[in-house]
2 protein chains.
Amino acid sequence: MFKKILIAEDQQSANISLQKTLHDLQIETTDYVYYCDHALSWIKNAKRDDEPYDLLITDLSFEPDNNTQVLEHGTDLIREARNVHPELKVIVFSGENRPSVIDDLFENLNIDGYVRKARHDADHLKQAIHTVYGEKRYQPSAIKQAIREENSFEFTTVDITIVSLLYQGEMQKNIPFILKQRQLKPCSLSSVEKRLNIMKEALGFVKNEQLAVYCKEKGLI
Amino acid sequence: MFKKILIAEDQQSANISLQKTLHDLQIETTDYVYYCDHALSWIKNAKRDDEPYDLLITDLSFEPDNNTQVLEHGTDLIREARNVHPELKVIVFSGENRPSVIDDLFENLNIDGYVRKARHDADHLKQAIHTVYGEKRYQPSAIKQAIREENSFEFTTVDITIVSLLYQGEMQKNIPFILKQRQLKPCSLSSVEKRLNIMKEALGFVKNEQLAVYCKEKGLI
DNA sequence: TTTTGTCTTACGGAAAACCGTAAGACAAAA
DNA sequence: TTTTGTCTTACGGTTTTCCGTAAGACAAAA
């Protein structure tokens, strides 16, 4: 089993139960920090002293406070940690439940496991640790399903850009110019209109307001 | 100090740390349940057996699962609990950070304390329990401030209705009819336009899409 | 009751968005 | 190279929204 684990979690109560869970698993060394910057320091120092961590368990969102941080988000921490210590296993423990966001962690940050703060999270975390220790990914099947089901509609890059621009306050008729600047392909006003219609049709909406809220909630923009 | 406390929290890890925190406070009896319906049963039974709870600590959102519940939300539980046991103290322990929503709990459900799942939540919970035991409310000052600061703009009932209708897919030009049906006062098309302009102006927006997302995120609609 | 100021409504022109159709571009197949 | 089908773009008319102005309603003060 893992010998040395680092917990990065700013929420005190979550941190407490993480400690208890790892204690149950009889992990030799479990260190815990409340800030991303601290986590990175500990990882660096452990590596330097030739006693590297086996596993990092981290949250995604860290609340800003007086203690200003360089690394503001769990994803930043993961990226930097992998820089200094590529073999480090990473399990994300977060309340995030937007499939697109979670999927992104596996695809782009290559995390080893994801445990959502939810009903049986403590049990799931134990399972995740065992699974990752066995060199496998712990990716709840529900996520893959959810991506297929919920994201029944496949947003293209242009789609996301269009909705983002609307959300940023751009007028629809100006969007073609911006798309051309960014060298995105279907960029005529007609195409913008068409894409907006297709998106709304697919999701059962009639107004752009609904589309914007939907995309914001899904973490697409 | 409180003798008998009930915890209603579906998230296993949060439940674990709540138990530990109450254990630190040497509470005689702490029961914990994972569903609202169970919580209400326990409260009823305790009352019937003349051993009522002193304090309920509850989350707001409970994840639906196979185990279908009558009470789906913490607010439902609080309402029902107060019905059968009016003197019961209630502390809400949740991740909710929208001031308008939290304020609503104090105003309309008359809760005794609110502790947000955040950096020092375990410590804050202990403070909250002590404060509520002393017959005072535990309402983080930050909330009141935030309401004043963030909600720099005061939304009227009509404002909220207008944005809600847009979000529901109503065309702007049809909104006057609906406002008249609901007997809301400024209900002409001109007024709808004017209110939308005022809201956007106040919040630095130019498009309705931005306004809809803002109101959705703030929990206003 | 009259006056005054504010809020609401009505109206009309301009801008933007919507929607259908046709023309054009482009790539794959013949 | 030609053909075919699909995707993109251009265009024009209609609807909706936007925005300024003026008229009307209403309540408080004179």
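Numbers restart at 1 for each chain; the letters A, B, ... are given by sequence-line order, proteins then strands.
Base pairing analysis places C/dC26 opposite D/dG5; the two distances defining the Watson-Crick or G-U wobble pair are each below 3.5 Å. The partner of C/dG12, taking Watson-Crick or G-U wobble pairs whose two distances both stay under 3.5 Å, is D/dC19.
Close to C/dA17, at under 4.0 Å from its OP1 or OP2, lies a side-chain N or O of B/Lys207. One finds no side-chain N or O of A/Asn208 lying less than 4.0 angstrom from the OP1 or OP2 phosphate oxygen of C/dA17. For the OP1/OP2 pair of C/dC19 and a distance below 4.0 Å, the side-chain nitrogens and oxygens of A/Asn197 include at least one atom meeting the criterion.
Salt bridge A/Asp103/A/Lys218: absent, no basic N to carboxylate O contact under 4.0 Å. The pair A/Glu135-A/Lys89 meets the salt-bridge criterion, with a side-chain N (NZ, NE, NH1 or NH2) lying under 4.0 Å from an Asp/Glu carboxylate O.
Classification of the A/Tyr138-A/His124 ring pair by plane angle, with boundaries at 30° and 60°, yields tilted.
Side chain of A/Gln172, nearest nucleotide from D/dA10, D/dC18, C/dC18: C/dC18. For A/Ser191, whose side chain is taken as the heavy atoms from C-beta onward, the closest listed nucleotide among D/dT9, D/dC18, C/dT9 is D/dT9. Side-chain proximity of B/Lys194 to C/dA17, C/dT8, C/dC19: nearest is C/dT8. The side chain of A/Met171 has C/dA16 as its nearest neighbour among C/dA16, D/dC11, D/dT16. Closest to the A/Lys173 side chain, of the nucleotides D/dC19, C/dA16, C/dT9, is C/dA16.
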Take A/Tyr133 and A/Asp54, measure what side-chain hydrogen bond (donor to acceptor under 3.5 Å, both in side chains) needs, and give me the verdict at the end. CA-CA 9 Å; A/Tyr133 185 68; A/Asp54 300 313; over 6 Å; no
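B/Leu165 has its CG atom 12 Å from the P atom of D/dT17, to the nearest Å. For the pair B/Arg195 CZ and C/dC7 P, the computed distance is 10 Å after rounding to whole Å. Counting to the nearest Å, the C1' atom of C/dA17 and the CD atom of A/Glu170 are 15 Å from each other. Atom CD of A/Glu209 and atom C1' of C/dA16 are 14 Å apart (whole Å). Taking atom CD1 of A/Ile162 as the reference point, atom C1' of D/dT8 lies 13 Å away to the nearest angstrom. Rounding to whole angstrom units, CD1 of residue B/Ile198 and C1' of C/dT8 are separated by 12 Å. Put simply, CG on A/Leu189 is 13 Å from C1' on D/dG12, counting in whole angstrom units. If you measure from atom CD of B/Glu201 to atom P of D/dC19, you get 11 Å, rounded to the nearest angstrom.
Side-chain N/O atoms of B/Ser188 and base N/O atoms of C/dA10 include no donor-acceptor pair closer than 3.5 Å.
Ranked by how close their nearest DNA chain C nucleotide is to the 5' end, B/Glu193 and B/Pro186 are led by B/Pro186.
Residues A/Ser61 and A/Asp10 share a closest heavy-atom pair of O-OD1, 3.8 Å.
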